[in-house]
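All remarks here apply to the structure that follows.
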Amino acid sequence: MRYSEMFLPTIREIPSDAEVISHQLMIRAGMIRKLTSGIYSYLPLGYRVIQKLEQIIREEMNKAGAQEVHLPMVQPVELWQESGRWVHYGKELLRFHDRHDHEYCLGPTHEEVITSLVRNDIKTYRQLPRNLYQIQTKFRDEVRPRFGVMRCREFGMKDAYSFDVDEEAAEKSYEKMFEAYNNIFRRCGLKFRPVEADSGSIGGKYSHEFMVMADSGEDAMVFCEKCSYAANLEKAEVACPEKKIIFEDDWLPLEEINTPNARSIEEVSVFLKVSPQDIVKTLIFNADGKPYAVLIRGDHEVNEIKVKNYIGASDLELASDEMIQKVTGSPRGFAGPVNINIPVLVDYSVIDMVNFVTGANKEDYHFLNVNIGRDFKVEAFTDLRIVTAGDSCPRCAQSVKIARGIEVGHVFKLGTKYSKSMRAFYLDKDGQEKIMIMGCYGIGIGRTVAAGIEQNYDDQGIIWPMPLAPYHVIITPVNVNEKTVMDAAENLYDALMKTGIEAIFDDRDERAGVKFKDADLIGIPIRVTIGPKNLSQGNIELKIRKTGESILCKIEGVVETLQSMIASELKTDTP
RNA sequence: CGGGAUGUGGCCCAGCUUGGUAGGGCACUGCGUUCGGGACGCAGGAGUCGCGCGUUCAAAUCGCGCCAUCCCGACCA
């Protein structure tokens with residue numbers, strides 16, 4: 001396309017309301033514009049990148065045997081009441097009325113719609129398995145949209161749903177999608193990692209998130225470099241330590257000590273001149289209205305998801321001051337397990353501790369020399385803390401590392417959550433009615449594009465990997481008023497069009513510097529610079545955006561050179 | 001929902017403390033010069049200063065209320 005005819009408004013300055021790199025660059029490169037909080041328009045350049053990604057996704061999904069559908073975004077209240085989510089989904093679900101005063105919502109996800117579709121038209125095991133997907137706009141009324149298209153309210157998503165006869169078949173569907181996702185992100189040229197993730201209230205043994213590695217990512221992941229273990233930080237397990245033998249002879253007598261105004265671990269450790277590792281933190285949680293005490297070593301953090309999952313609570317939060325007062329008889333900051341009348345859950349980190357410090361359930365007092373078995377009863381020892389770098393891998397005992405990432409995909413076993421409540425049944429060989437087993441598989445479209453930028457940029461702008469690049473090549477004649485230069489540029493542009501190489505022809509009457517800056521900003525992988533000096537020798541220059549490398553080459557044969565450069569960057573074969 | 005910040009031509013910002021005819025840079029239009037890393041000169045167009053109420057002879061500026069946007073937190077099938 002001729003640059004002079006494009007709608008490609010680039011911006012020199014950083015927009016004041018964009019904080020993260022991908023957001024800044026997408027606006028500056030003329031890819032997106034904000035309409036209102038969390039809602040963005042894609043301009044031609046941005047939309048081309050979206051389409052590149054969608055094409056890769058379609059190819060891999062189709063290859064994996066999935067079929068594309070397109071489901072409605074406006075969905076009636078009845079479906080959501082059937083699944084139970086009209087009540088449970090909360091405020092993220094945008095609800096509204098039509099002219100007949102009937103209630104609807106904008107689809108934040110499509111389990112309900114797909115299940116209602118499939119249950120009506122799939123009746124027998126002969127029609128299973130099926131995997132249906134779509135690329136569609138979702139709306140989730142996020143509390144706090146941020147980071148541009150990374151966490152926004154209206155966004156594109158590829159969502160797929162599998163239907164199987166039993167768990168074993170569902171497992172196969174899951175594995176196919178897992179493989180397809182690996183292929184998709186690999187083909188996009190992204191550095192990513194599938195990690196084990198919490199499967200939340202839906203159940204199922206596990207799910208996997210696909211994380212694009214980026215320091216600016218919202219998620220943290222734990223991984224082991226020795227074995228293949230990788231998990232979302234909130235899911236990552238801590239192995240049960242081997243229990244040391246504790247000699248009761250070592251137990252010192254319990255001692256109550258005055259600790260005025262020392263509430264936090266830090267304050268207590270300074271006051272008592274002990275290290276946080278010698279203190280046991282007691283946190284009171286409110287699990288569906290019931291109080292629980294959670295004990296953990298002072299220098300660790302509690303993983304609330306683990307606590308919630310262990311208890312099996314549907315709602316878990318730190319107890320209010322009133323609840324703390326009621327169960328400990330003291331204000332916040334002095335809770336301890338001794339003489340407390342609620343279940344005490346103990347993290348593995350405390351298992352080997354002796355003569356430790358805890359709160360005394362009395363304002364301004366702590367206990368010294370507390371010991372498990374003598375001073376309080378334990379309901380359970382289990383894994384309740386957040387993994388820290390250097391902890392040992394739960395699979396191979398090597399120490400784990402922590403990195404940040406952006407969640408761009410999630411593969412999930414749904415089991416019968418929706419097929420049961422929404423009655424998606426089929427008849428098996430014996431004529432028995434059975435419940436379909438479902439899986440769901442999502443990829444955030446805009447988020448993947450943003451993640452691609454977070455991973456590929458420099459101080460001049462975006463550096464597109466070839467598979468996502470909106471155009472492969474940009475032709476830059478340095479002076480449009482020199483006829484020889486422009487003729488050569490026009491001829492090259494024609495030749496590229498004929499071979500199907502996607503090119504921008506920067507025919508604008510701008511100074512070379514402006515064109516170079518724009519080309520760098522929008523991140524086109526290869527720039528062909530045509531200038532009078534080189535041209536008089538029959539040469540033109542290829543500038544590689546990624547490496548900054550300049551290649552001088554003869555104008556004859558340059559089309560073939562470009563073709564092979566592009567093809568090698570687009571290679572889809574898997575290692 | 002709690003905490004913080006910001007709202008002034010399309011974009012980035014100054015002006016507000018101490019009230020007195022709205023300013024710069026970028027972008028845009030025209031003319032001329034320039035032409036391989038965001039050129040220069042001259043001339044121009046473009047703003048209900050987020051909205052409302054109040055104080056005042058007079059409000060971008062002071063007061064009150066509201067709204068919007070961004071950041072931190074809480075939340076996130």
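Worth saying up front: this structure is predicted, and the values here are computed from it rather than measured. Reminder, nothing fancy here: chain letters follow the sequence lines and each chain counts from 1.
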Salt bridge [X]-[Y], side-chain N to carboxylate O under 4.0 Å:
| X | Y | result |
| --- | --- | --- |
| A:E301 | A:R385 | no |
| A:R2 | A:E490 | yes |
| A:D383 | A:K306 | yes |
| A:D17 | A:K34 | yes |
| A:R508 | A:D518 | yes |

Starting from [atom2] on [N], measure out to [atom1] on [X] and report it in whole angstrom.
| X | N | atom1 | atom2 | result |
| --- | --- | --- | --- | --- |
| A:I305 | B:C76 | CD1 | C1' | 10 Å |
| A:F155 | B:A77 | CZ | C1' | 10 Å |
| A:D520 | B:G37 | CG | C1' | 8 Å |
| A:E218 | B:C75 | CD | C1' | 12 Å |
| A:I39 | B:A68 | CD1 | P | 13 Å |
| A:D518 | B:A39 | CG | P | 11 Å |

Restricting to side chain to side chain contact (heavy atoms under 4.5 Å, CB included), what partner residues turn up for [X], sequence neighbours left out?
| X | answer |
| --- | --- |
| A:A451 | A:V212, A:I406, A:V408 |
| A:A519 | A:I474, A:R527 |
| A:A64 | A:M177, A:A180 |

Between the protein and nucleotides 7-9 of chain B, list every N/O to N/O distance that falls short of 3.5 Å.
none

**Prompt:** Do we see a donor-acceptor contact under 3.5 Å between the side chains of A:Q67 and A:N131?
**Reply:** no
**Prompt:** How about A:Y418 and A:R85: does a side-chain donor come under 3.5 Å of a side-chain acceptor?
**Reply:** yes
**Fill in**
The ring pair (Phe, Tyr, Trp, His ring centres under 6.0 Å) partners of A:Y104 (sequence neighbours excluded) come to A:H102
**Fill in**
Walking RNA chain B from its 5' end, the first of A:R28 and A:P108 to be reached, judged by nearest nucleotide, is A:R28
**Fill in**
RNA chain B nearest-nucleotide lookup for A:V514 and A:E142: closer to the 5′ end is A:V514
Detail all sub-3.5 Å separations between protein N/O atoms and N/O atoms belonging to nucleotides 32-36 of chain B.
unit_1: B:U34; atom_1: O2; unit_2: A:R511; atom_2: NH1; d: 3.0
unit_1: B:C35; atom_1: O2'; unit_2: A:N479; atom_2: ND2; d: 3.1
unit_1: B:C35; atom_1: N4; unit_2: A:N481; atom_2: ND2; d: 3.1
unit_1: B:G36; atom_1: O6; unit_2: A:G531; atom_2: N; d: 3.3
unit_1: B:G36; atom_1: O6; unit_2: A:N534; atom_2: ND2; d: 3.3
unit_1: B:G36; atom_1: N1; unit_2: A:E541; atom_2: OE1; d: 3.2
unit_1: B:G36; atom_1: N2; unit_2: A:E541; atom_2: OE1; d: 2.3

[atom1]-based separation of [M] from [N] [nearest Å]:
| N | M | atom1 | answer |
| --- | --- | --- | --- |
| B:G15 | B:U6 | P | 12 Å |
| B:C40 | B:G4 | P | 43 Å |
| B:C11 | B:G7 | P | 14 Å |
| B:G45 | B:C31 | C1' | 16 Å |
| B:C49 | B:A59 | C1' | 11 Å |
| B:A46 | B:A22 | P | 15 Å |
| B:U8 | B:U69 | C1' | 15 Å |
| B:A77 | B:C72 | C1' | 25 Å |

Which atom names give the shortest non-hydrogen contact between [X] and [Y], and what distance separates them?
| X | Y | value |
| --- | --- | --- |
| A:S207 | A:H410 | OG-NE2, 2.9 Å |
| A:I540 | A:L492 | CD1-CD2, 4.3 Å |
| A:S83 | A:E112 | OG-OE2, 2.6 Å |
| A:P276 | A:I265 | CB-CG2, 3.8 Å |
| A:V478 | A:G531 | CG2-CA, 3.6 Å |

**Message:** Please list, in numerical order, the residues of residues 436-454 of chain A that have a heavy atom closer than 4.0 Å to any atom of RNA chain B.
**Reply:** none
**Prompt:** Between residues 485-495 of chain A and RNA chain B, which residues have a heavy-atom gap below 4.0 Å?
**Reply:** none
**Message:** Once you apply a heavy-atom cut-off of 4.0 Å, does A:Q460 come out as touching a base, just sugar-phosphate, or nothing?
**Reply:** base
**Request:** Could you tell me whether A:K138 contacts a base, only the sugar-phosphate backbone, or nothing, with contacts defined as non-hydrogen atoms closer than 4.0 Å?
**Result:** nothing
**Message:** A quick test of your reading: do over 12 heavy atoms of other residues, nucleotides or ligands sit less than 6.0 Å from OH of A:Y47?
**Reply:** no
At less than 3.5 Å, do the side-chain atoms of [X] and the base atoms of [N] form a donor-acceptor pair?
| X | N | answer |
| --- | --- | --- |
| A:R12 | B:A27 | no |
| A:R151 | B:C76 | yes |
| A:E13 | B:G25 | yes |

**Message:** If you define the side chain from C-beta out and look only at heavy atoms, does anything of A:C105 sit under 4.5 Å from A:W80?
**Reply:** yes
**Message:** Quick check: do A:F96 and A:V74 have side-chain heavy atoms less than 4.5 Å from each other?
**Reply:** yes
**Request:** Scan residues 13-43 of chain A for pairs that pass ring-ring contact (aromatic ring centres under 6.0 Å, His included), counting only residues two or more places apart or in two chains.
**Result:** A:H23-A:Y40
**Prompt:** Of A:E454, A:Q455, A:R404, which meets side-chain hydrogen bond (donor to acceptor under 3.5 Å, both in side chains) against A:S216?
**Reply:** A:E454
**Request:** Give the C-alpha distance, both sets of side-chain angles, the deciding distance and a yes or no for side chain to side chain contact (heavy atoms under 4.5 Å, CB included) between A:E154 and A:K138.
**Result:** CA-CA 6 Å; A:E154 182 176 317; A:K138 308 287 188 226; over 6 Å; no
Any N/O pairs under 3.5 Å between the protein and nucleotides 41-48 of chain B? List them or say none.
none

**Request:** Measure the CG-CZ distance between A:L43 and A:F7 for me, rounded to the nearest 0.5 Å.
**Result:** 4.5 Å
**Bracket notation of RNA chain B in which parentheses pair within the strand, [ ] cross earlier pairs, and | pairs with another strand (Watson-Crick or G-U, under 3.5 Å)** = (((((((..((((......[..)))).((((((.....)))))).....(((((..]....))))))))))))....
For nucleotides 69-72 of chain B, which of its nitrogen or oxygen atoms have a protein nitrogen or oxygen under 3.5 Å away, and what is each distance?
unit_1: B:U69; atom_1: OP1; unit_2: A:T36; atom_2: OG1; d: 3.3
unit_1: B:U69; atom_1: OP1; unit_2: A:S37; atom_2: N; d: 3.3
unit_1: B:U69; atom_1: O3'; unit_2: A:K34; atom_2: NZ; d: 2.9
unit_1: B:C70; atom_1: OP2; unit_2: A:S37; atom_2: OG; d: 3.0
unit_1: B:C72; atom_1: OP2; unit_2: A:R144; atom_2: NH1; d: 3.1
unit_1: B:C72; atom_1: OP2; unit_2: A:R144; atom_2: NH2; d: 2.7

